[in-house]
Amino acid sequence: MNFSTLRLCIRRTWAMGGVLRHMDLGCRRRLLPIFSRLLSSPVDPPLTAERYGVSRLSFSEVTAQDVSHFQTLLPGRVVTDEGDLRFHNIDWLKTVRGHSKILLKPRNTEEVSQILKYCNERNLAITPQGGNTGLVGGSVPVFDEILVSTALMDQVISFNDVSGTLVCQAGCILESLNKYLTERGYTMPLDLGAKGSCHIGGNLSTNAGGLRLLRYGSLRGTVLGVEAALPDGSVLNCLNSLRKDNTGYDLKQLFIGSEGTLGIITAVSILCPRKPSAINVAFLGCEDFSRVLQVFRLCKDQLGEVLSACEFLDSECMRMVETHLKLTKPLPESPFYVLVETSGSCAKHDEDKLNAFLETAMDSGCVTTGTVATDHTKILSLWALRERITEALAHDGYVYKYDLSIPIEKLYSLVEELRDRLGSAAQSVVGYGHLGDGNLHLNITAKSHSDALLAALEPFVYEWTSQHNGSISAEHGLGFKKRDHIYYSKSREAVQLMQKIKHMIDPKGIMNPYKTIPAMD
Ligand code: FAD
Ligand code: 2HG
Ligand code: ZN
């Protein structure tokens with residue numbers, strides 16, 4: 001089938017499938033966490049300590065004197081009301097719950113430093129919190145840790161419109177930063193479904209990957225500098241704006257991906273690319289996963305430098321977004337879908353390349369159906385089918401979430417094996433993710449949490465991943481839920497060195513305890 005025939009089919013498909021819902025995605029993203037909470041069960045998850053049988057470490061408990069100290073330090077910015085704390089004690093997935101009695105809202109680095117110094121002296125444990133969109137239980141307390149929120153640290157400090165270097169406070173919301181940059185002809189080098197709520201400090205602390213990693217690389221490359229308050233209250237200023245700096249150890253890397261266990265990131269310097277002026281999205285249907293892989297290979301061959309994203313989802317994911325979010329499938333039913341995005345500076349050039357790619361993909365049979373969008377609203381609608389899967393799954397029941405790096409040729413095999421293994425014990429087993437990064441998001445849903453289902457999943461999923469030379473966390477981190485599984489991806493020696501680093505920077509262990517790094521033997 002040539003491309004003009006494809007276009008015709010596409011038009012017909014649009015007509016048959018009905019018009020995609022046009023919506024203000026920005027607005028929905030901002031409301032996403034609130035809606036999800038309102039729409040799903042009002043029942044809180046059990047306390048983490050009870051469900052997982054964790055023992056509290058010997059930290060001090062917050063006293064009335066501590067509260068009044070914080071009220072003097074942060075007038076009007078200390079939250080102690082149980083109702084107001086509820087959102088902050090429960091994770092986005094509603095699977096873990098702590099019972100912190102206090103949340104602090106500093107405005108600047110100095111205040112964060114004062115909080116940490118005081119807590120360290122008093123042996124009070126802390127959980128740093130950004131947008132609370134983390135998916136591994138790292139952003140909420142396990143017991144009564146003091147919550148330190150970056151919500152009021154939301155100022156842009158500087159932007160250099162020649163180099164594209166943005167320096168900002170850690171609490172800036174990702175989507176707000178992107179808006180700020182768009183107005184100046186630039187864009188953020190990362191994008192994710194939680195952009196309306198997550199903070200840039202949270203993004204760095206989890207080393208978030210997201211939808212643009214294929215094009216712009218990981219935060220380990222685009223972040224130029226970090227400022228962080230350490231547990232003893234001292235401030236580490238590595239807020240560099242240089243692209244090249246080979247003087248000694250690169251300390252900012254310690255804070256990227258450390259999930260709040262070493263200190264609190266207070267400011268960030270990040271290199272931002274120019275906003276591409278031409279964007280196209282193709283949404284394609286494939287008959288099986290081997291054809292999905294052929295599409296990816298073809299994308300790299302024929303789209304090369306303009307390829308900016310290559311994502312995939314299976315038909316179960318499509319069913320989820322149709323059922324729970326009422327999104328409309330823009331194509332006839334296919335076992336797999338691939339979303340290909342091109343971004344560049346010359347619309348004609350990119351369109352020619354995309355057309356040639358689509359023609360080859362159709363002629364070779366690796367794609368059976370497809371649709372293309374060049375206008376902004378349609379592009380957003382197609383992206384919503386991929387970006388909103390997490391949200392749709394949250395409406396399906398209790399979600400067991402795995403975020404795995406797997407050699408690409410085996411990326412989908414685990415999903416198939418699990419379907420056989422679990423049978424009717426699971427409501428749904430879905431696979432989707434960042435095809436271009438070799439990152440599978442494997443999600444299993446069930447009516448409610450069940451120890452038996454968990455036992456069927458773990459350690460099976462981790463063992464399988466390790467045997468296939470994968471990683472048990474590609475981009476979400478370890479947090480509370482995956483901490484003790486680190487050994488599937490890291491050697492004993494590597495974990496021991498991490499423990500030593502943690503002990504050196506945080507000898508009392510007050511920073512986000514019970515998370516990320518297993519306790520020393
Ligand atoms: P939080 O959830 O508040 O915190 C995450 C961790 O970082 C916690 O351990 C916390 O203690 C620590 N932390 C937060 N701020 C600081 C700070 N300033 N200093 C030190 N530690 C801190 N993740 C991806 O990688 N890719 C995706 O594509 C993606 N898509 C998502 C889509 C949806 C709908 C949702 C709900 C989540 C998604 N996530 C994704 C996961 C999540 O959004 C990211 O991990 C995000 O980076 C977390 O940012 P946050 O501000 O919400 O951090
Ligand atoms: C995504 O890529 C996020 O959509 C979330 O990383 C993945 O919910 C998930 O499993
Ligand atoms: Zn992801």
Side-chain angles (χ1 to χ4, degrees), residues 28-29 32-33 36 88 91-93 106 109 112 116 126-141 145 147-151 153 169-174 190-213 218-219 226-230 255-268 309 311-313 317 320 383 386-394 399-405 430-435 437 439-445 473-481 483 511-516:
R28 194 188 22 254
R29 275 177 205 125
L32 177 79
S36 302
H88 303 275
D91 69 326
W92 188 91
L93 283 168
T109 306
V112 177
L116 293 187
I126 289 172
T127 294
Q129 193 174 81
N132 195 11
T133 66
L135 298 173
V136 287
S139 54
V140 296
E145 296 83 274
L147 278 155
V148 179
S149 163
T150 49
M153 299 177 66
Q169 285 188 299
C172 291
I173 290 176
L174 179 59
L190 86 155
D191 184 22
L192 44 135
K195 67 193 99 184
S197 306
C198 63
H199 297 185
I200 190 69
N203 297 147
L204 259 71
S205 303
T206 55
N207 187 22
L211 309 162
R212 290 185 187 158
L213 190 136
S218 119
L219 286 172
V226 164
E227 177 192 75
L230 303 184
F255 293 86
I256 301 176
S258 64
E259 301 182 77
T261 58
L262 297 178
I264 298 188
I265 296 178
T266 48
V268 173
E311 301 282 316
F312 89 100
L313 50 139
C317 293
M320 290 288 163
W383 262 116
R386 162 63 188 88
E387 271 186 83
R388 297 187 66 198
I389 298 169
T390 303
E391 187 190 343
L393 286 162
V399 188
Y400 300 84
K401 214 168 254 305
Y402 300 95
D403 157 44
L404 312 164
S405 269
V430 312
Y432 64 107
H434 313 289
L435 182 65
D437 312 331
N439 182 178
L440 170 73
H441 291 311
L442 164 68
N443 283 241
I444 297 93
T445 67
S473 173
E475 59 175 10
H476 297 162
L478 297 168
F480 171 76
K481 290 190 187 166
R483 176 185 86 154
M511 291 309 308
N512 222 3
Y514 324 100
K515 319 274 174 65
T516 314

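Values below: all heavy atoms of this structure, side chains included; hydrogens, waters and symmetry mates excluded. Just so we're clear, the structure is a prediction, and the values are computed from it rather than from any experiment. Every number for a ligand or one of its atoms is a count from 1 in the order of the listing.
- When only interatomic distances are considered, the shortest N/O to N/O separation between G138 and ligand 1 falls below 3.5 Å.
- Counting heavy atoms from C-beta outward, V226 and L204 have side chains that approach closer than 4.5 Å.
- Contact of the T261 side chain with the F255 side chain is not registered, since no non-hydrogen atoms from C-beta on lie closer than 4.5 Å.
- No side-chain donor from either of Y514 and T127 sits under 3.5 Å from a side-chain acceptor of the other.
- Each of the atoms 27 (C), 28 (O), 29 (C), 30 (N), 39 (N), 40 (C), 43 (O) of ligand 1 lies under 4.0 Å from some heavy atom of L192.
- Side-chain contact check for M153 versus H199: every heavy-atom pair is 4.5 Å or farther apart.
- Counting atoms of ligand 1 from 1 in the listed order, those under 4.0 Å from a heavy atom of H199 are 50 (P), 51 (O).
- The shortest distance between side-chain heavy atoms of V136 and E259 falls below 4.5 Å.
- Nearest-residue assignment for atom 49 (O) of ligand 1 (options C198, G196, A194; heavy-atom criterion): C198.
- Here's the thing with G130: one of its N/O atoms is less than 3.5 angstrom from an N/O atom of ligand 1.
- The contact set between ligand 1 and G263, taken as ligand atoms under 4.0 Å from a residue heavy atom, comprises 20 (C).
- Heavy-atom proximity to A208, at under 4.0 Å, picks out these atoms of ligand 1: 25 (O), 47 (O).
- The contact set between ligand 2 and H434, taken as ligand atoms under 4.0 Å from a residue heavy atom, comprises 2 (O).
- Among the heteroatoms counted here (N, O or S) of E475, OE2 is the one nearest to the Zn ion (ligand 3).
- Close contacts between ligand 1 and G260 involve ligand atoms 20 (C), 21 (N) [criterion: under 4.0 Å to a heavy atom].
- Closest to the Zn ion (ligand 3) among the N, O or S atoms of H441 is NE2.
- With a 4.5 Å cut-off on side-chain heavy atoms, P141 and L147 count as touching.
- If you check each of L393, N512, L135, V140 against atom 38 (C) of ligand 1, the one with the closest non-hydrogen atom is L135.
- Within the 4.0 Å heavy-atom shell around ligand 1 one does not find K515.
- Using a 4.5 Å heavy-atom threshold, the side chains of K481 and D91 count as touching.
- Near G134, with a cut-off below 4.0 Å to any heavy atom, the atoms of ligand 1 are 2 (O).
- Within the coordination shell of the Zn ion (ligand 3), defined by N, O or S atoms under 2.8 Å, D403 is absent.
- R483 is not listed as a side-chain neighbour of T516, based on a closest heavy-atom distance of 4.5 Å or more.
- Residue S149 holds its OG atom at 9.5 Å from CD1 of I264, rounded to the nearest 0.5 Å.
- For the residue pair T109 / E227, a side-chain donor-acceptor distance below 3.5 Å is found, with atom types taken as modelled.
- For the pair N207 and S218, the minimum side-chain heavy-atom distance is below 4.5 Å.
- The shortest N/O to N/O separation between P128 and ligand 1 falls below 3.5 Å.
- Scanning the protein heavy atoms around atom 5 (C) of ligand 2, the nearest turns out to be T390 OG1, 3.2 Å.
- Near W92, meaning under 4.0 Å from any of its heavy atoms, are these atoms of ligand 1: 36 (C).
- Annotation: atom 7 (C) of ligand 2 to nearest protein heavy atom, Y432 OH, 3.3 Å.
- Considering both main-chain and side-chain atoms, Q129 never comes within under 3.5 Å of ligand 1 through any nitrogen or oxygen pair.
- Using a non-hydrogen distance threshold of 4.0 Å, G477 does not register as a contact of ligand 1.
- Of the polar atoms of E387, none of the N or O atoms is found under 3.5 Å from an N or O of ligand 2, judged by distance alone.
- The structure places CG of L174 at 5.0 Å from CG of N203, a figure rounded to the nearest 0.5 Å.
- Considering backbone and side-chain atoms together, S205 places an N or O closer than 3.5 Å to an N or O of ligand 1.
- Nearest non-hydrogen protein atom to atom 1 (C) of ligand 2 is R386 NH2, 3.4 Å.
- With hydrogens and angles left out, the side-chain atoms of H434 and E475 include a donor and acceptor closer than 3.5 Å.
- Remark: ligand 2 atoms within the under-4.0 Å shell around heavy atoms of H441 are 1 (C), 2 (O), 3 (C), 6 (O), 7 (C), 10 (O).
- Using a non-hydrogen distance threshold of 4.0 Å, G479 does not register as a contact of ligand 1.
- Residue N203 has at least one nitrogen or oxygen atom sitting less than 3.5 Å from a nitrogen or oxygen atom of ligand 1, judged on distance alone.
- The atom name of the N/O/S atom in H434 closest to the Zn ion (ligand 3) is NE2.
- Scanning all protein heavy atoms for the shortest distance to atom 10 (O) of ligand 2 gives N443 ND2, 3.0 Å.
- At a 4.0 Å heavy-atom cut-off, ligand 1 touches H476 through the side chain alone.
- Residue-to-ligand polar distances keep T390 apart from ligand 1: every N/O pair is separated by 3.5 Å or more.
- Neither the backbone nor the side chain of L393 has any atom closer than 4.0 Å to an atom of ligand 2 (non-hydrogen atoms only).
- Using a 4.0 Å cutoff on heavy atoms, E475 counts as a contact of ligand 2.
- Ligand 1 is never approached by E391 to a heavy-atom distance shorter than 4.0 Å.
- A salt bridge links E311 and R386; the closest N-O separation between the charged side-chain nitrogens and carboxylate oxygens is under 4.0 Å.
- With 2.8 Å as the limit, H476 does not count as an N, O or S neighbour of the Zn ion (ligand 3).
- Considering only non-hydrogen protein atoms, atom 8 (O) of ligand 2 sits nearest to K401 NZ, 2.6 Å.
- Heavy-atom proximity to T150, at under 4.0 Å, picks out these atoms of ligand 1: 18 (N).
- Considering backbone and side-chain atoms alike, Y402 places every N or O at 3.5 Å or more from each N or O of ligand 2.
- Here the straight-line distance linking atom SG of C317 with atom CD1 of I389 works out to 4.0 Å at 0.5 Å rounding.
- By the 3.5 Å distance cut-off applied to N or O atoms, E387 is not counted among the residues near ligand 1.
- Applying the side chain to side chain contact (heavy atoms under 4.5 Å, CB included) test between L393 and each of M320, R388, H441 identifies M320 as the sole match.
- Of the N or O atoms in L211, none lie within a sub-3.5 Å distance of an N or O in ligand 1.
- Screening N132, T206, T133, N512 for a side chain to side chain donor-acceptor pair (under 3.5 Å) with S139, the sole residue that qualifies is N132.
- Polar contact check, T127 against ligand 1: no nitrogen or oxygen pair lies under 3.5 Å apart.
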